[in-house]
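Please read the structure below before turning to the comments.
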Amino acid sequence: MRFRALLAAFAAASSVALAVPAAAQDTLRIRLNADIRSTDPGVNRDANTDGIVWHVVEGLVALRADASVGPMLAERVEVSEDGRAYTFALRPGVRFHNGQPLTSADVAFAMQRYMRRETNWRCRGDLDSSVTRITAVETPDERTVVIRLEQPSALFLTMLARPDCGQAGIWHRDSLNPDGSWRAPVGTGPFRLGEWRRGQFVELTRFENYAALPGAPDGLAGNKTPMVERVRFTIIPDDAAARAALLAGNIDILPDARSRDLPELRQRPGISIHSAASMDLQVLLMQTRDPLLQDVRMRRAIALALDVPELVRAVSEGTSRPSRAPIPVGSTFFTPAMAEVPPRDVAQARRLAAEAGYRGQRLRIVTTRRYEAFYEIAVLVQDMLRDAGIESDLEVLEWATQLDRYTRGDYQMMAFGFSARLDPSLSYEMFTGPKATQPRKAWDNPEVQAMLEQTMRETDAIRRRATFEAMHRRLLEEVPMVALYSSVTHGVTPRHVQGYGSWAVDAPRAWGVRIQR
Amino acid sequence: MAGYVLRRLLVALPTLLLAAASVFFLMRLVPGDPALLILGDAATPEAVADLRAALGLDRPLPVQFLLWLERVAAGDFGRSITNGEAVGPLLLDRFAVTAPVVLAAVGAAALLAVPFGMLAAWKQDSLADVATVTVATLLLSMPSFWLGLILLLVFGLWLGWVPVVGWVPFAEDPWRALHAILLPVVTLALVEAGVLIRMARASTVEVLRLDYVAHARAKGVPEGRVLARHVFPNAFAPTLTLIGLVLGNLLGGIAVMETVFTLPGLGRLLVDAIFARDYPVIQGVMLFIAAIYVLVNLAVDLLYPVFDPRVTAD
Amino acid sequence: MRLRPNLVIGGTLLGFVLAVAAAALVWTPHDPVRTNLRRRLRPPSAEYWLGTDEFGRDVLSRLMTGAVTSVTVAAATVVVALLLGLAIGLAGGYLRGWVDRVLGALNDTLLAFPGILLALGLLAVMGPSRWGIVLALGLAYAPTVARVVRGTVLSIREREFVEASRALGNSEAYTLLRHVVPHTVAPVTVLATSLFGWVILSESALNFLGLGVPPPAATWGNMLASARPFMLEAPMLSIAPGAMIAACLLGANLLGDALRDILDPRDGA
Amino acid sequence: MSAAVLRVEALSVAAGAQRVVNGLSFALAPGEALALVGESGSGKSASARAVIRLLPPGLRQVAGRILLGEEDLAAASARRLRQLRGPGIGMVFQEPMTSLNPAHTVGAQIEEGLALHTRLTRAQRRDACVAMLERVGIAGAATRLAAFPHEFSGGMRQRIMLASVMLLRPRLLIADEPTTALDTLTQAEVLDLMKALAREQGSALLLITHDLGLVARYADRALVMQAGRTVEEGPAAQLLARPSADYTRALVAALPRRGPARPPRPPAPPLIEARDLLVTFPGRGAWLRRAPPVEAVRGVSLAIQPGEVVALVGGSGSGKTTFGRALLRLAPIAGGTLRFRGAEVTRLSGSALLPFRLACQVVFQDPYGSLDPRMRVRDIVAEPLRLPAGLPPRQRIARAEAMLEEVGLGGIGDRFPHALSGGQRQRVAIARALVRDPALVVADEAVSALDATVRKQVLALLADLQRRRGFACLFITHDLGVVEEIADRVLVMHQGRMVEEGERDAVLDRPRHDYTRALLAAAPRPPRLAPLVGN
């Protein structure tokens, strides 16, 4: 038994050894559903931009596959007793793409640019707020960086690792033009930025002097050795065209196949599907200020009318797990109590609706076709509500309009999705807050607000968990929204692509992937 | 001639200005905020306000409009909100994708339509005529994206003759570029040929009734020459006008085709910019399209006298 | 009058479409918006003659109610385009001078305006409704009508009977209404039939870009657009609305050809 | 007759089941000129087209033989036919505006036949073209070769047409109503030229015409057709002088002849008076750079008394039509004054102009264009009664019906104009003009588009109505025959100016101006009928 395992490992290793030279000549072609916005980490960005940028630059810390934070450019992080000083020891031997070694000065330089208002860094607000505020970045020696905070924070390291913050990526100052504006990233990542032909493709080339961590790939952390010479992200906006392109052999990785296409793809020989639960959240929002929906009985009636498991099964082709909790199923803060999904009860729903004074008024559900899931959720919700005698109309908007309505809180009901939040506090924060100053917030309850702020300061995991459970119970009672599920990312590859895996954040990772023909 | 061209361009200025103004204010009437789209669902109100200020969207609308006009007058179309790219070069880049496809398609459609339309008219009411008209009508009754998808499935996926995606500039690899635009060109050409065949046939029928055709025949001119020399130029003139219209419309972007065939063209740029509320790009594309429209019309008017000398350009 | 094949075929096709729409007003085999997740993407069967769509809705029923929506949207759009186009064309062609020039510039602007921009703007301003589409496409096609009307008016106003009307002491307005407008009826009728087809096409193209008549109301356009991802698995889903669109367009075009022949008798004028 | 250039034997042409030419036979000797005479629908044009085997779609030859020399054209191959067309048979068409291809230069079109049928070099062809163009009277022929048809007047185009046909020296020249669209003076010039060229080249001439007046002057023999059949055939002079068939007699009787001069009327204040009337049209060109205005009428004065019939004569482009319209305030008046019943109406508009409009009416030339094809005849005639307001609709209709009765069209009020013949339409137009009992009627070429017999009837009707109702009438025409029939007084316009004015007989018998003399000389009046005048 041991012998066979050993043999298998040997075979695998030799095949790697044989494959590498061949792979090195190859280009890995990956579908990108829209062009990226810039190459400036965490500044002018979207999910696609983050996904390109994380191949090129790295931060002090990085996100692991389980959404915990691991080391990257920093070999160790030490937190002071009072929780207000973070000391990062830089890993030796790391070089930028231009050959310069990484020093603490580079870290300080990049951090200072991030924290300047005019840089418009996405996460500056989060690290300069009443909850978390950076007061100083110090460089006692070439290999050490100390970052000081105003008060202790449970979220600081997570913030630094957030992909949408560009992982607070550290780049060489050559990345800037002489006038201080962004030119192109000179990072430490496994790939260099090659040609970016707008609207067509973004090309990356292997960084031959990449200093990889030992071990296996793990989220954005771990071993990120590049195995192909070139990666081309080809922009294919249309899903049907993208699928056709994969089947026709025009691309090697389709990182985001729609669940709709899975039954058909599964039947094809030589096609592998890599599914991984994502950390986003699909929800049905309800406006608690609406004359009808301000009555909690009405909102409960709606929640009871929904057959959540059936709905989720239909929308995700059975790949996602229904969950009424805002904290993602994979999170360490997801407790058994959260796993319970209240059953559908149409009779009770009718009763509650009648009590709330519902007399056949037609509700309006806002949705869009930009994200098929939103649309399907809305269609199914409409249909399920009808079983409980609640009539509704769909208001299918173009995405920008829906987002605008969301931000102004201008809706009765809305099928919506939140992007991945890496910390349970952030998961609650995304829909909890005062409507007076932030109309987009769905849940306006001062008590809950206080509980939320407490979890942000609390560093003890057990106490935090307890608070989150309490918040979850209140959420099910007050139903300002119905959480439905986190989607599943389905990466699709043909046989010759090896080492690819989907993960909790949608965008693909090209390191560790080989082409073997 | 040069004076005439200049005058025509001058006369077109109000049209361009009107188009620019209407698109500017129409887009601002439409809900949706580029800052919000950039920052997404996690945006804080302060971050949105900061970004709006950085993009210059916090100023009064008329001021924004005048500033934009002033820059455009100086040849600066601004930068894309989405990716910071200069709009002018961006437009040209995308136009370089759309233009060859459209020109090739309309050219092919015209080459197909004129002989078929003329022959159908010449053999009016014959079986060939009925067949041609039926096919033409069927072609123009087909949704272009539908036809495109079927062609893509058959030739891209099943037969694998052409790539499903992958636009390549001609300068880079003419052979692969040709492959990449083959299907969109064929689709567009087939659809447009339907319209053009009917037009060419109708105008040929008109011309065949006229005395000068009888006159030519009375001189003993062979039938082929009658068609080529006496019927064609006169029948082609109205078709030319239609071709101009079609060209003007298509050059402004073939968003649907570009979506089906994954071409990074002008139409796709406009659609994306609209969805992203990328105002500088929308305004730039709009102005560009209006300008193309004016120029194509001008070109048709300049070309028209070649086929119908009764009409003079000046 | 000779029975023209294009009249017969065109009339039959459009008649069929209208009959389907009329039938849908009183009866459909199933509820066209009722979803049934256990019956997704079924092939045609005895119960679901044309199969079911991705939400398990009956395709035949949707096709039938889609006929109502598509036909009313197309008809309403044609009416809007005609009214606008007639107004612009008549005013420009009859009054000429600066009015014509101003209207010409307006017309050119509208022509140069991409339809999708118009559609998006109006949809957003008017809210997602079929009337936004009607107005947007109406505006987009009005210049075409205006062109045809203006051309007709320019040629009619040179005819002697218009001058005869003036010589009788009739006012310009009366002359325009009594002697000029009726002559635009024939070309405009022919154009209207083509427009009818174009609108159905444009509506489906707008859907394709995500801007058509908002679902769940069925139109052939949005049925075709949403069927696209399932072209391989459920071909009937796209064939059915595609065939209806093609039939409708073919009918409209053939009828237009027939009308052209009938309304233009070349009476020697 | 074995040497005949063309022999047509029992030719029948059918449109569907109906025969439009029925058993036509004739022969044509070399150099001979035969006129095929008939009114609209007689089948004369179809016959001509059948001879050159270019029948329009829908028509086909169903019987008979057509022999060009000894060769049966019906049996000839398409290739042989092409060889024969041009050198064998040449044809000149009716409508100068459409018979030359607008897309090619006249040089290219003249040369085309030469290139096809001769072996001349390019230079030789060009020389031949220039010589021919000069022969047909185009000045500066060498430079005009590069011009396009639209740059020429109708008369010039017809000459060019003739040049391109005669350059191939055809054995047979078919001329299908070659001058119907031209004015008298031009018509005479073109026909004289054609006749001369045919004689020079020894071509036989088959002249298709509706105008018996032309026959005497241009044909040796004439063949009269009616409804597809031959009515009478014979030497032209004889046919005119002693027509044997009733139909021919009717045609001859329809030729214009001078009516009795009416006694001079006592002097009275003029009904309408124009003084130094000036009409200009804006110059052509784009709006920033405009050519100077064109003066169409340059200071013409005229007074018409109540009940007077005045003829205004002139060639095309003389400004006579524009002047007539200006008189009715239908064309803008740039200078001079216009008085109606002593009051100035030059600048009135709107309701102030209405009394003038109610009192003055017009009958246009083209009976097809002047009636709204989408209105019923009754409504057309009733329309003028809408103004002044006050007459109930039923009475309007009653008066319209009565008026239709008066012009001889009782009982057809329900029809649309296209269901009427040309003569009937013109009667409708007259009824419309008269239904309101106007004081002045301007008749602009009101009968020139009609067949001779119909023209005769319409003129008689108009004269009759004028006598009974007593309106004044300004008759604008290029046809001196019409003048002879009904005018009290004649005015002659040339290049926008009045060149002669006087009592009818004085002007016609003793013209003072050269232009008047030329007009008179060109008029296709059969000379032998002259003695009948004054009977």
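Just so it is clear: chains get the letters A, B, ... in the order the sequence lines come, proteins before strands, and each one is counted from 1.
For chain B, the option among C/I200, C/T109, C/I245 with the highest count of heavy-atom pairs below 4.5 Å is C/T109. No other option in B/V23, B/V256, B/L26 has as many heavy-atom pairs under 4.5 Å with chain C as B/V256. Most heavy-atom pairs under 4.5 Å with chain C, from the set B/A290, B/A19, B/P143: that is B/P143. The choice from C/S238, C/A246, C/G221, C/C248 that makes the most heavy-atom pairs within less than 4.5 Å of chain B is C/S238.
In B/L159, the CG atom is crowded: over 12 heavy atoms of neighbouring residues, nucleotides or ligands sit closer than 6.0 Å. Shown here is B/F65, whose CZ atom has more than 12 heavy atoms of other residues, nucleotides or ligands within 6.0 Å. Atom CZ of B/F116 has 12 or fewer heavy atoms from other residues, nucleotides or ligands within 6.0 Å.
Only the side chain of B/L245 comes within less than 4.5 Å of a heavy atom of chain C; its backbone N, CA, C and O stay farther away. Looking at B/P14, there are no atoms closer than 4.5 Å to chain C (heavy atoms on both sides), in backbone or side chain. Heavy-atom distances place no part of C/S202 under 4.5 Å from chain B, backbone and side chain included.
To the nearest 0.5 Å, the span separating CG on B/L18 from CG on C/L106 amounts to 6.0 Å. For the atom pair CD1 (B/I150) and CD1 (C/I239), the distance works out to 7.5 Å, reported to the nearest 0.5 Å. The distance from atom OG1 of B/T134 to atom CG of C/L254, rounded to the nearest 0.5 Å, is 7.5 Å. Separating the CG atom in C/L249 from the CG atom in B/L138 is a distance of 10.0 Å, to the nearest 0.5 Å.
B/W146 and C/L224 make their closest contact through CE3-CD1, 3.8 Å (heavy atoms, listed as atom of the first residue, atom of the second, distance).
Side-chain contact between C/L201 and B/M142 is absent, with no heavy atoms from C-beta onward closer than 4.5 Å.
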